[in-house]
Amino acid sequence: MDDLRRRVYGSDHDDPSPYAEPGHEYLDLVGGPLDGLLLDVTGLTPEERVTGGALLITNNGAYGPGVRSDYEPRPGDPGRWHWQGDMP
């Protein structure tokens with residue numbers, strides 16, 4: 001699928017530009033409630049992308065609206081952060 005037609009985490013349903021934009025760098029979110037979305041990591045260093053992670057707010061998590069989903073890099077799988085679970 002063309003990344004420029006994929007939705008980016010944090011875009012609203014009525015956002016006029018909810019898709020990836022040229023000149024930005026993205027990671028794939030894999031698994032969990034945000035599966036298939038892109039995460040804009042343009043401001044992160046390459047090291048932060050492979051050692052970091054994020055608690056991302058979602059309305060579709062295991063504990064209901066406003067839950068945080070834990071996504072972290074998996075060794076050997078650059079460019080993708082995998083779901084670790086949800087936190088209330």
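Just so it is clear, the model here is predicted, and its values are computed rather than measured.
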Please assess R6 against D28 for the test salt bridge (Lys or Arg N to Asp or Glu O under 4.0 Å), listing each intermediate value before the final yes or no.
-> CA-CA 10 Å; R6 291 184 55 199; D28 288 309; 2.7 Å; yes

Whichever hydrophobic residues join V41 through chains of side-chain contacts under 4.5 Å | Y9, L27, L29, L34, L37, L39, L44, L56, I57, Y71, W81, W83

Provide the closest heavy-atom pair for [X] versus [Y] in the form atom of the first, atom of the second, distance.
{"X": "D15", "Y": "S17", "value": "OD1-N, 2.8 Å"}
{"X": "T58", "Y": "P33", "value": "CG2-CG, 3.8 Å"}
{"X": "T45", "Y": "E48", "value": "N-OE1, 2.8 Å"}
{"X": "H82", "Y": "Q84", "value": "O-NE2, 2.9 Å"}

Listed partners of E25 passing side chain to side chain donor-acceptor pair (under 3.5 Å), at least two apart | R49

Would you confirm whether D86, through its side chain, and A62, through its main-chain N or O, come within 3.5 Å as a donor-acceptor pair?
-> yes

Report the C-alpha distance between Y26 and E21 in whole Å, list the side-chain angles of each, state the deciding distance to 0.1 Å, and finish with yes or no for side chain to side chain contact (heavy atoms under 4.5 Å, CB included).
-> CA-CA 9 Å; Y26 299 93; E21 297 180 17; 3.9 Å; yes

